[in-house]
Amino acid sequence: MIYDPYSVFEKEVEGLVKHAVKELYDLELLKIDLEEPPPGHGHLAFKCFELGRRLEIRPDVVARQLKDKIDKMKKECIERVEAERGYLNFYAHVERIAAIVGESISIVGEKYGFNPSLAPKNIIVEFLSANPVHPIHIGGARNAILGDALARLLEWRGHKVRRHFYVNDMGRQVAIAAFGYELLGRPKPWTKPDHAIGFIYATTSCLLEIKRLKEELNLARRYGKDMEYRSKVKELDEWVGVAARLRERNEEMFDRLVDSFNKEAEPERKISFIMKLYEEKDPDVVKLIREVCELCIDGFKETLSRVSIYFDSFDWESEITAWSGLTQEVIRRLEATPYVAYSKGTMIFLANEVVKDYDLGEKFGVPKGFEVPPLTLMRSDGTTLYTTRDIAYTIWKFRHANTVINVIGAEQKVAQLQLRLALVALGYKQMAENLIHLGYELVKVPGMKMSGRTGQYVTLDELLDESIRRANAEVQARSPGLPDEERKRIAEIVGIGAIKYSLLAVSPSKPVTFVWEQVLNFERNSGPFVQYAHARAHNIMVKARERGLKPHLHPEQLRDPLEKELVMMVAKWPNIVKKASDKLRPDILCEYVNDLSMVFNSFYDKLPVIRAESRELGEARLWLVNVIRVVLKNCLGILGIPAPTRM
RNA sequence: GGCCCCGUAGCUCAGCCUGGAUAGAGCACCGGCCUUCUAAGCCGGGGGUCGUGGGUUCAAAUCCCACCGGGGCCGCCA
């Protein structure tokens with residue numbers, strides 16, 4: 001069974017080169033590095049520079065000698081070989097490749113591209129895990145869309161994947177939101193629940209900040225610290241501005257919250273108390289906190305269902321790590337290692353010592369000269385901290401999987417490293433090695449400082465609304481005849497596709513600069529562009545069926561350079577899946593699918609299928625169109641972008 | 001101060017890991033193409049000191065060093 005037609009071609013080229021080198025120079029090459037030549041120079045190239053240096057023969061001479069040798073050898077998927085400068089260029093036998101694709105697709109059918117690994121893993125992908133105190137914003141959207149695409153990409157590589165959402169219900173943020181919620185008398189949400197909680201959280205945070213700054217201001221004035229005083233005044237001004245903006249959003253709620261807040265003598269202490277009681281599983285506090293979190297998560301689910309993202313499991317931090325006693329066990333066991341010390345009344349984990357003792361610097365990618373900072377394991381009041389609980393959570397995850405991928409912002413790099421080092425200290429070296437932090441950079445919105453604490457963010461809900469609104473206008477303009485119902489359905493698909501594509505197309509390590517005009521551009525290099533190509537391919541299939549034309553592969557009929565290029569591109573699809581999956585890089589799919597769509601559009605424009613010159617040619621082209629349709633559909637599917645049949 | 005990521009066309013991004021053939025797309029701009037499978041399309045055009053300066057190499061956007069600019073981390077936040 002051939003899942004990956006392109007690799008057949010690659011392997012043959014490798015074999016020929018190896019064989020020829022052996023025969024000509026009596027040299028065993030272990031690894032053959034092949035690359036893609038520029039257009040017009042074949043399909044795979046072997047560079048003869050390094051070999052030439054080893055043999056002390058000019059590379060162009062090596063290339064010619066190899067060509068002469070290979071010319072005499074038997075070839076399957078290779079039409080010819082050319083020596084050009086220091087390169088040996090292999091031209092694929094496109095007809096044979098087409099036949100292999102045909103064979104493969106006749107077996108796997110609509111699943112074409114599925115390319116199972118020889119060592120399938122049991123993987124938990126943890127992603128999104130947004131704090132349940134505000135709506136999902138653009139940064140969270142990148143995480144969700146990336147994690148979701150990644151999960152599917154891994155499944156297409158034959159891995160067993162489960163999607164987990166870690167509910168951080170034990171953090172300070174949640175306690176703040178719960179405190180505010182309580183001050184308001186646990187109101188019924190007056191809007192989408194996560195937006196309501198987001199408002200309460202931001203307002204409460206803001207009031208806390210203002211109170212703190214006022215107190216610090218008084219101290220600074222009393223002790224005549226002029227510089228400090230002025231900087232605090234400035235900071236206070238900013239928060240007062242934040243307060244004003246929040247009040248504009250909902251005067252009634254804002255004022256009510258201020259009133260109750262001002263009656264509290266020591267809000268900070270109360271918040272700490274909430275956290276402590278929750279960790280101790282005090283029933284009243286549990287009810288309060290759960291109520292806040294559930295409201296927020298209900299909002300998340302509503303938003304996520306719009307973009308078809310679902311989780312197999314919502315893992316409550318409190319249950320898994322604290323109430324189960326697992327975190328305490330982790331602390332006890334860490335305490336028994338030589339890597340725990342006490343500093344200012346708290347317990348700390350000496351992460352850097354683990355790096356040194358186990359010589360993990362290189363393995364874990366610790367930069368030279370970088371001291372991994374110690375990790376504080378507990379607060380002085382005995383409550384635990386996030387990363388400490390995350391150690392427990394990770395151990396829990398490994399009870400259900402052998403590989404864990406955490407899709408978490410790059411800013412948590414150090415914490416993720418400390419986590420892995422703690423696992424090593426606990427004797428779980430294997431876990432530490434199979435724990436992958438897929439860090440991604442944040443989404444920048446020009447002219448806006450996003451922050452949940454100040455309530456300043458572009459939410460995924462708004463983003464979707466705007467994109468769909470825009471798509472609706474676009475569909476209206478382009479296909480005026482459509483009934484309302486269908487127009488709306490298409491607008492939804494297009495609007496969502498545009499957003500997902502734009503957030504997926506940038507490699508995770510790069511910050512995305514969010515520009516509305518860019519995201520809502522429905523032309524080339526966009527989700528809708530690819531969706532359009534799919535709709536076109538689909539439409540040709542429908543029209544052909546109506547006219548009784550059936551797809552049939554006649555390899556010799558596909559002679560146009562565009563047809564050949566398309567055959568090579570679809571042959572490569574399973575190989576792209578492999579590469580993107582193993583590198584955890586969905587953006588590679590975006591690039592590929594965009595290229596495929598471009599070439600397909602040129603083909604569409606130039607070469608008629610239904611009205612082809614002959615029946616055979618029509619059947620062959622229809623076969624090609626069908627493969628392209630399957631590839632587009634599957635690639636969009638992995639990316640989580642719906643593939644419309646009409647636009 | 002230490003460390004990490006990023007810097008490629010006016011704008012948004014590929015390419016860098018694994019050095020080699022004229023540095024690729026898209027947007028915007030200019031000019032063409034709808035009696036023929038949907039023009040969200042196609043064809044053509046202009047536009048680049050690959051942040052700067054060194055180094056390694058026959059060969060550097062790619063590797064090394066320094067510096068500059070943007071972001072991030074170094075917390076009894078998550």
Side-chain angles (χ1 to χ4, degrees), chain A residues 31 33 35 37-38 41 45 47-50 52-53 59 84-87 89 129 131 168 170-174 272 343-348 365-373 375-381 383-387 389-390 408-415 439 441-442 444 452-453 471 474-475 477-479 494 502 505-507 509-515 517-519 521-526 528-533 535-537 539-544 547 583 587-588 590-591 594-595 597-598 601-612 621-622 625 646-647:
Chain A
K31 211 172 137 240
D33 271 331
E35 63 176 45
H41 296 270
K47 286 182 291 202
C48 303
F49 301 96
E50 207 190 314
R53 197 175 51 234
E84 298 168 59
R85 326 255 294 257
Y87 293 88
N89 292 329
S129 301
N131 263 319
N168 304 136
M170 298 196 65
R172 200 180 165 72
Q173 278 103 324
V174 170
S272 297
S343 162
K344 296 180 210 154
T346 65
M347 190 189 291
I348 59 171
V366 184
K368 282 195 186 72
F370 178 70
E371 292 254 328
V372 184
L375 170 71
T376 306
L377 292 168
M378 271 200 289
R379 294 192 186 88
S380 47
D381 66 357
T383 54
T384 56
L385 285 153
Y386 176 80
T387 307
R389 296 189 297 265
D390 205 11
I408 298 178
E411 77 273 13
Q412 291 199 41
K413 210 167 179 176
V414 174
E441 286 294 334
L442 304 179
K444 289 187 292 189
R453 236 158 43 111
E474 208 76 10
V475 181
R478 292 173 201 273
S479 316
V494 169
S502 68
V506 179
S507 54
S509 69
K510 299 222 184 188
V512 177
T513 304
F514 187 87
V515 186
E517 305 85 70
Q518 200 77 31
V519 176
N521 159 38
F522 299 160
E523 292 170 49
R524 270 186 271 194
N525 202 1
S526 74
F529 175 72
V530 179
Q531 290 174 316
Y532 187 62
R536 281 178 143 183
N539 203 242
I540 292 176
M541 298 308 296
V542 172
K543 289 264 159 68
R547 286 167 176 69
K583 292 191 171 200
D587 57 300
I588 290 173
C590 291
E591 205 195 339
N594 183 59
D595 286 347
S597 301
M598 281 201 288
N601 275 327
S602 299
F603 163 89
Y604 184 95
D605 206 62
K606 189 180 163 200
L607 306 169
V609 177
I610 291 163
R611 273 173 272 275
R621 282 185 182 157
L622 193 61
V625 169
R646 174 159 193 198
M647 276 170 76

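A note on names: the letters A, B, ... follow the listed sequences, proteins ahead of strands, and every chain is numbered from 1.
Contact between the side-chain N/O atoms of A:Arg611 and the OP1/OP2 oxygens of B:rU36 is not found at any separation under 4.0 Å. Contact between the side-chain N/O atoms of A:Arg547 and the OP1/OP2 oxygens of B:rC37 is not found at any separation under 4.0 Å. For B:rG72, the OP1/OP2 oxygens have no side-chain nitrogen or oxygen of A:Lys444 closer than 4.0 Å. For the OP1/OP2 pair of B:rA78 and a distance below 4.0 Å, the side-chain nitrogens and oxygens of A:Arg379 include at least one atom meeting the criterion. Look at A:Lys413 and you won't find any side-chain N or O under 4.0 angstrom from OP1 or OP2 of B:rC74. In this model, the phosphate group of B:rC76 is approached by a side-chain N or O of A:Thr376 to a distance below 4.0 Å at OP1 or OP2. Distances shorter than 4.0 Å separate some side-chain N or O of A:Arg524 from OP1 or OP2 on B:rC42. Regarding contacts with the backbone of B:rC43, a side-chain N or O of A:Ser602 is found under 4.0 angstrom from either OP1 or OP2. In terms of phosphate contacts, A:Ser526 brings no side-chain nitrogen or oxygen within less than 4.0 Å of OP1 or OP2 of B:rG26.
Looking at RNA chain B, the stems built from 3 or more consecutive Watson-Crick or G-U wobble pairs, each pair with its key distances under 3.5 Å, are B:1-7 with B:68-74, B:10-13 with B:24-27, B:29-33 with B:41-45, B:51-55 with B:63-67.
Of the candidate nucleotides B:rU38, B:rA25, B:rA78, B:rU38 has the atom lying nearest to any side-chain atom of A:Ala535. Listed candidates were B:rU38, B:rG72, B:rA25. Nearest to the side chain of A:Asn594 is B:rA25. Set against B:rG20, B:rU12, B:rA39, the side chain of A:Gln518 has B:rU12 as its closest nucleotide. For A:Glu523, the listed nucleotide lying nearest its side chain is B:rA28; candidates were B:rA28, B:rC42, B:rU12.
Judged by distance alone with a 3.5 Å cut-off, a donor-acceptor contact links the side chain of A:Ser380 to the base of B:rC76.
An aromatic stacking contact between A:Tyr532 and the base of B:rG41 is absent, as defined here by ring centres under 5.5 Å apart and ring planes under 30° from parallel. By the 5.5 angstrom centroid cut-off and the 30-degree plane limit, A:Tyr87 is classified as stacked against the base of B:rA21.
Computed from coordinates, the A:Asn601 CG to B:rG26 P distance equals 12 Å when rounded to whole Å. Separating the NZ atom of A:Lys510 from the C1' atom of B:rC16 is a distance of 9 Å, rounded to the nearest angstrom.
With sequence neighbours left out, the side-chain contact (heavy atoms from CB on, under 4.5 Å) criterion links A:Ile540 to A:Phe600, A:Tyr604, A:Val609, A:Leu622, A:Val625.
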